[in-house]
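Here's the structure we're looking at; comments come further down.
None of the values given here were measured: they were computed from a predicted structure. Below, read A as the first sequence line, B as the second, and so on, with proteins coming before strands; counting in each chain starts at 1.
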2 protein chains.
Amino acid sequence: MEDREARLAESYRLSSLLWRVTQRTMADFAAVVESFDLPVPVARAVLSLGEPTPMRELAGRLRCDPSWVTSLADDLERRGLAERTADPSDRRVKVLRLTGEGAAVRDRLAEAVARESTVMRRLDGGDRTALEPLLERLLDD
Amino acid sequence: MEDREARLAESYRLSSLLWRVTQRTMADFAAVVESFDLPVPVARAVLSLGEPTPMRELAGRLRCDPSWVTSLADDLERRGLAERTADPSDRRVKVLRLTGEGAAVRDRLAEAVARESTVMRRLDGGDRTALEPLLERLLDD
DNA sequence: TATTGTTATACTCTATAACTATA
DNA sequence: TATAGTTATAGAGTATAACAATA
């Protein structure tokens with residue numbers, strides 16, 4: 001069946017394209033983040049802290065080990081971007097909360113990432129409208 | 001202008017979606033590659049060696065420092081996947097060339113990456129056809 | 001003198017295991 | 001006994017700088 005061959009060839013092309021887009025997306029992100037003088041992991045944490053978040057939950061969101069969140073929290077506090085605050089209902093839990101400056105950085109960072117993204121620079125309105133549902137489907141669980 | 005606001009909101013959504021797709025694509029790749037018992041950087045090198053390639057050129061393709069290619073080449077040789085061969089026209093240059101086994105691994109790896117990709121598992125034929133030109137536009141230079 | 005690859009070294013990102021305080 | 005966070009340590013991935021061989 002040539003059908004199977006054709007589908008395999010298509011999937012080669014697509015997976016290779018998607019991989020290259022992935023590389024470019026990461027490079028874009030790294031470049032923006034560097035202009036903010038932030039390491040990439042710290043910037044990821046800032047963007048994930050729209051709401052005050054228990055450290056454990058942040059680890060889940062970042063898909064990393066909780067011990068790594070300790071290092072991130074230390075770094076965020078050193079930079080004055082976030083603070084560990086107490087959870088009134090469970091004294092084991094520390095809730096990570098952006099400071100005023102952290103929230104401001106987060107807003108500017110999110111805007112810069114969006115503005116500088118390849119998606120914004122390379123796709124017109126129609127393309128972007130077409131892309132969104134496709135990306136959503138790629139994230140379906 | 002509300003138009004500007006709407007476009008910014010769209011670009012927030014899209015850049016966040018694209019970032020999450022990026023994370024997923026990398027996780028997919030890492031999972032496939034682990035099933036081949038290869039470190040991710042070695043697998044990337046194997047996939048980049050469709051043609052015998054001078055080490056310097058491979059560094060460019062992988063966007064890494066040439067000294068890192070030395071380590072990759074050592075690892076590839078240890079695994080019997082590639083060999084350094086001489087360039088007849090310039091004795092400074094070493095051309096990295098997949099062995100028979102390396103080429104076989106490369107074929108199986110490319111097929112597994114394509115087959116296991118989120119794109120293949122989540123998108124139907126129509127979606128894939130729509131996605132391809134969008135990804136190509138994202139890679140335009 | 002400029003370029004290719006190598007070596008030695010150091011830095012960033014991240015996980016594992018053992019620990020402490022609390023539940 | 002189980003869970004949240006911490007500490008110490010180790011490992012993967014990668015760059016920088018100095019170097020040897022060749023151009």
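- A sub-4.0 Å separation between OP1 or OP2 of C:dC13 and a side-chain N or O of A:R44 is absent.
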Handout entry: Sugar-phosphate or base contact per nucleotide [nucleotides 18-23 of chain D; S, B, -; heavy atom under 4.0 Å]
Key = ---BBS
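- Atom pair A:K94:NZ and D:dT7:P shows a separation of 8 Å (rounding to whole Å applied).
- Using a 4.5 Å cut-off on side-chain heavy atoms (C-beta onward), A:R44 and B:Q23 make contact.
- Atom CG in B:L62 sits roughly 15 Å away from atom C1' in D:dA15 (whole-Å rounding).
- In this structure, the CE atom of B:M55 is 8 Å from the C1' atom of C:dT6, given to the nearest Å.
- Counting only heavy atoms from C-beta on, A:V93 has its side chain closest to D:dA4 among D:dT7, D:dA4, C:dT6.
- You'll find a donor-acceptor pair under 3.5 Å spanning the side chain of A:S67 and the base of C:dT16, going by distance alone.
- In this structure, A:R122 contributes its side chain and B:D140 its backbone to a donor-acceptor pair below 3.5 Å.
- Spacing between atom CG of B:D75 and atom P of D:dG13 amounts to 9 Å, rounded to whole angstrom units.
- Across the protein-nucleic acid pair, A:D74 atom CG and C:dC13 atom C1' stand 15 Å apart, rounded to whole Å.
- Within 3.5 Å, a donor on the side chain of A:R56 pairs with an acceptor on the base of D:dG5, or the reverse.
- The backbone N or O of B:D28 lies less than 3.5 Å from no partner atom in the side chain of B:E116, so there is not a single donor-acceptor pair.
- The backbone N or O of A:Y12 sits nowhere less than 3.5 Å from a side-chain atom of A:S16 that would complete a donor-acceptor pair.
- Remark: P of D:dA12 and CE of B:M26 are 19 Å apart, rounded to the nearest angstrom.
- Summary of the strand contacts: B:R84 and A:R63 both lie near DNA chain C, and taking for each the nucleotide with the nearest heavy atom, the more 5' one is attributed to B:R84.
- Side chains of A:L76 and A:T99 form no contact here, defined as non-hydrogen atoms less than 4.5 Å apart.
- Listed for the A:T85 side chain is a donor-acceptor partner under 3.5 Å among the backbone atoms of A:V95.
- Whole-Å rounding puts the B:E34 CD to D:dG13 P distance at 11 Å.
- Distance from the side chain of B:D65 is smallest to D:dT16 among D:dT16, D:dG13, C:dC13.
- Considering only heavy atoms from C-beta on, B:T118 stays 4.5 Å or farther from B:L123 through its side chain.
- Ranked by how close their nearest DNA chain D nucleotide is to the 5' end, A:S71 and B:L72 are led by A:S71.
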